[in-house]
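Notes to accompany the following structure.
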Amino acid sequence: MSEEKNGNLMAVYQQLCDSYRAIDDFRAKLLGFLPLATGGGIFFLANTLKDETKQFLLPIGAFGFVITLGLFSYEIYGIKKCGALIETGRQIEDKLGIGGNGQFTNRPREVAGFIDELGLRDIVCVAF
């Protein structure tokens, strides 16, 4: 492989790694925000509700449902994107000759036989 082509592949590989890390970072932040939002909702509902505030529960619940559905849809997209980045990363690692030592080729296996971004991707995509 020519030196120029190898350099171009390394630049693409670096961008791919940055994209993969950005997705992981966003997913971790979102997961960290979830308990805060849930705790806030429980705190709101745990207080005694007055009759004049009960009328707002349905609109608030509908809003929460729409937001949750949007975040779930975005997560499905992130899972699919992660899978594509991993596959592309494996191909680039193979072309660069780093094969089994690369972060995409040499990845930890799933937990319980199905829990990882690729295994859940297959389950979720079949369900929808």
Side-chain angles (χ1 to χ4, degrees):
M1 180 180 314
S2 73
E3 191 65 35
E4 182 180 344
K5 188 173 180 180
N6 196 19
N8 290 340
L9 270 177
M10 283 301 292
V12 169
Y13 184 72
Q14 182 61 45
Q15 287 294 325
L16 188 123
C17 291
D18 291 343
S19 294
Y20 185 77
R21 276 189 230 106
I23 290 172
D24 268 356
D25 184 52
F26 176 76
R27 290 167 88 184
K29 287 177 183 174
L30 191 59
L31 189 60
F33 179 69
L34 185 62
L36 178 66
T38 304
I42 290 171
F43 177 75
F44 174 73
L45 290 175
N47 289 336
T48 48
L49 297 175
K50 298 179 176 134
D51 288 336
E52 56 270 1
T53 58
K54 287 184 180 179
Q55 65 181 340
F56 298 113
L57 287 181
L58 183 62
I60 290 171
F63 178 74
F65 176 76
V66 169
I67 295 298
T68 301
L69 187 62
L71 288 173
F72 179 71
S73 299
Y74 192 73
E75 178 62 15
I76 297 300
Y77 173 73
I79 289 170
K80 292 177 109 176
K81 191 173 181 180
C82 253
L85 289 172
I86 290 168
E87 184 55 37
T88 304
R90 285 179 181 160
Q91 292 172 5
I92 292 175
E93 287 173 353
D94 190 42
K95 287 180 183 178
L96 289 172
I98 55 178
N101 296 325
Q103 68 175 340
F104 296 107
T105 305
N106 188 21
R107 296 173 32 84
R109 297 291 171 217
E110 62 274 347
V111 177
F114 68 96
I115 302 174
D116 72 348
E117 66 268 0
L118 298 179
L120 287 178
R121 177 193 65 179
D122 295 338
I123 292 169
V124 170
C125 289
V126 168
F128 294 96

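Because only heavy atoms are used, hydrogens play no part in the values below, and waters and symmetry mates are left out as well, while side chains stay in.
- The distance from atom CD of Gln15 to atom OG1 of Thr88, rounded to the nearest 0.5 Å, is 13.5 Å.
- There is no path of hydrophobic side-chain contacts, each under 4.5 Å, that joins Phe72 to Tyr74.
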- Intermediate values then yes/no, side-chain contact (heavy atoms from CB on, under 4.5 Å), Lys95 and Tyr13: CA-CA 11 Å; Lys95 287 180 183 178; Tyr13 184 72; over 6 Å; no
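- The pair Asp94-Arg90 fails the salt-bridge criterion, with no side-chain N (NZ, NE, NH1 or NH2) lying under 4.0 Å from an Asp/Glu carboxylate O.
- Between Tyr20 and Cys82 the shortest heavy-atom distance is CE1-SG, 3.6 Å.
- Rounding to the nearest 0.5 Å gives a distance of 14.0 Å between CG of Leu85 and NZ of Lys80.
- Closest of all the heavy-atom pairs between Cys17 and Gln103 is SG-NE2, 2.7 Å.
- Ion pair Arg21/Asp18 flagged as a salt bridge, since at least one NZ, NE, NH1 or NH2 atom sits closer than 4.0 Å to an Asp/Glu carboxylate oxygen.
- By the 4.5 Å heavy-atom criterion applied to side chains, Arg27 and Ile79 are counted as neighbours.
- Under a hydrophobic-cluster definition in which Ile, Leu, Val, Met, Phe, Trp and Tyr are linked whenever side-chain heavy atoms come within less than 4.5 Å, directly or via other members, Tyr77 and Ile23 are assigned to different clusters.
- Phe33 and Phe26 are members of different hydrophobic clusters when ILVMFWY side chains are connected at heavy-atom separations under 4.5 Å.
- Residues Val66 and Leu30 fall into different hydrophobic clusters, defined by Ile, Leu, Val, Met, Phe, Trp and Tyr side chains chained together at heavy-atom separations under 4.5 Å.
- The structure places CD of Glu87 at 10.5 Å from CD1 of Ile92, a figure rounded to the nearest 0.5 Å.
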